[in-house]
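The figures here come from the full heavy-atom set of this structure, side chains too, leaving out hydrogens, waters and symmetry mates. Counting convention: from 1, in listed order, for ligands and their atoms alike.
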Amino acid sequence: MIVAPSVLSLDYSRMNEQMDEVNRSKAEWLHFDVMDGHFVPNLTFGPDLLKGFCKVSDLFMDVHLMVTDPSFFADVFMDAGADQITFHYEAMKDEESIHALAKHIHECGKKAGLSIKPKTDLAVLEPFLNEFDLFLIMSVEPGFGGQPFIEESLDRIANLKKRLVEENSNALIQVDGGINATTGKRCTEAGVDVLVAGSYIFKNNIEEAVDSLF
Ligand code: DX5
Ligand code: ZN
C-alpha cells in the first residue's frame, strides 16, 4: 500500500516544516493537484512549484491533472519533474486521444494514470485496462479538498479490482477525496493500492496520520 499526501492541503506558511515531516513519514508519493479554473472551478499550481517540491523531496511525484487540455499540460509537468501523469477521461475528446496521450507519456519514460469523476460510468475504462499504470477513482467531485467521501466509490473500486484481475492487468488503483483512517481502511479492503489524502494528513500530525492509513 502506498500513501500519497496531497499538497493541496499543505500549510504554505509552514512549507519547509511540513515537507520535513512528510519526508520523515512513511509516505512514498507526493500528490500534486493541478487545476486550471476551467475543468474544475479552482486554480492551483504551475510547473515552477513542482520544481520546488522536487528540490525538497525525493518522493515519487504523482501529478493529477484537472485541466481541460491534458495533452498540453502533460508535457509541461513532465518537464518540471513529474514521475507520473494522471489525466481525466472526461477532459479527452475521444478514445483515440486517450490512447495517444498514454503512449506519449510512456515514451517520455513516465508512468500514466487515467482518472474518472464520481458520476462517470466505470465501464468507460474498459478499453484502457492494460494501457495504464494506474486508475484513479475520484471519491469526491474534483476541485476542492475537505469534502466527504462518496460511499458509492467502494463498489466502483471493488468492481474495477475484479476487472483488472480478470484482465491480468498490473495497474494500481488509486482513490482520492475524503480519505482518513476509516475510509482509507475500507478502500484498501475493496482493493485500493494508493491512498491520496490531503486535509486528513496536513491538518493532523503528519507522521501519525500517514501511519494510521496503513
Ligand atoms: C480534489 C483533489 C484531492 C484533494 C483531496 O479535487 O484531487 O487530491 O487534495 O483532499 P481531501 O483528502 O482533503 O479530500
Ligand atoms: Zn488529486
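- Of all the atoms in ligand 1, the ones that sit under 4.0 Å from a non-hydrogen atom of Ser6 are 4 (C), 8 (O), 9 (O).
- Looking only at atom types and distance, the side chain of Asn23 has a donor-acceptor partner in the side chain of Ser57 under 3.5 Å away.
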Test log, rule side chain to side chain donor-acceptor pair (under 3.5 Å), inputs Asp69 and His38: CA-CA 10 Å; Asp69 192 353; His38 294 277; over 6 Å; no
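- Asp83 and Lys111 are not joined by a salt bridge, as no carboxylate oxygen comes within less than 4.0 angstrom of a charged side-chain nitrogen.
- Among all non-hydrogen protein atoms, the one lying nearest atom 14 (O) of ligand 1 is Gly178 N, 2.8 Å.
- Ion pair Arg163/Glu167 flagged as a salt bridge, since at least one NZ, NE, NH1 or NH2 atom sits closer than 4.0 Å to an Asp/Glu carboxylate oxygen.
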Audit row: Asp62, Gln174, side chain to side chain donor-acceptor pair (under 3.5 Å) steps and yes/no: CA-CA 11 Å; Asp62 171 31; Gln174 183 177 49; 2.8 Å; yes
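- With hydrogens left out, the protein atom closest to atom 2 (C) of ligand 1 is Asp33 OD2, 3.4 Å, a heavy atom.
- Taking each of Thr183, Asp176, Ile201 in turn, the one with a heavy atom nearest to atom 3 (C) of ligand 1 proves to be Asp176.
- Side-chain contact between Met61 and His31 is absent, with no heavy atoms from C-beta onward closer than 4.5 Å.
- Side-chain contact check for Asp176 versus Val194: every heavy-atom pair is 4.5 Å or farther apart.
- By the 4.5 Å heavy-atom criterion applied to side chains, Val124 and Ile116 are counted as neighbours.
- Of the protein's non-hydrogen atoms, the one nearest atom 10 (O) of ligand 1 is Gly145 CA, 3.5 Å.
- Ion pairing between a basic and an acidic side chain is recognised when a charged N comes within 4.0 Å of a carboxylate O; Glu141 and Lys119 show such pairing.
- Considering backbone and side-chain N/O of Glu141, none are found under 3.5 Å from N/O of ligand 1.
- Shown here are the protein N/O/S atoms lying under 2.8 Å from the Zn ion (ligand 2), water excluded: His31 NE2, Asp33 OD1, His64 ND1, Asp176 OD2.
- Within ligand 1, the atoms closer than 4.0 Å to a non-hydrogen atom of Gly143 are 1 (C), 6 (O), numbered from 1 in the order shown.
- Checked by distance only, ligand 1 and Gly198 come closer than 3.5 Å through their nitrogen or oxygen atoms.
- Shown in contact with Pro142 at under 4.0 Å from a heavy atom are these atoms of ligand 1, numbered in order with element: 6 (O).
- The atoms of ligand 1 that sit less than 4.0 Å from any heavy atom of Gly177 are 14 (O).
- For the pair Lys117 and Phe39, the cation-pi criterion (under 6.0 Å, within 45° of the ring axis) is fulfilled.
- Both Phe87 and Leu50 are members of a single hydrophobic cluster when ILVMFWY side chains are connected at heavy-atom separations under 4.5 Å.
- Cluster annotation: Leu49 and Leu10 are assigned to the same hydrophobic cluster (Ile/Leu/Val/Met/Phe/Trp/Tyr, side-chain heavy-atom contacts under 4.5 Å, transitive).
- For Tyr89, the OH atom counts as loosely surrounded, since its 6.0 Å shell holds 12 or fewer non-hydrogen atoms of other residues, nucleotides or ligands.
- Numbered from 1 in the order shown, with element, the atoms of ligand 1 that lie under 4.0 Å from a heavy atom of His31 read 8 (O).
- Atoms of ligand 1 lying under 4.0 Å from at least one heavy atom of Met66, given by number and element, are 6 (O), 7 (O).
- Atoms of ligand 1 found under 4.0 Å from any heavy atom of Met138 (numbered from 1 in listed order, with element): 7 (O).
- Residue Ser199 approaches ligand 1 through these ligand atoms, each under 4.0 Å from one of its heavy atoms: 11 (P), 12 (O), 13 (O).
- Using a 4.0 angstrom heavy-atom cutoff, Phe144 counts as in contact with ligand 1.
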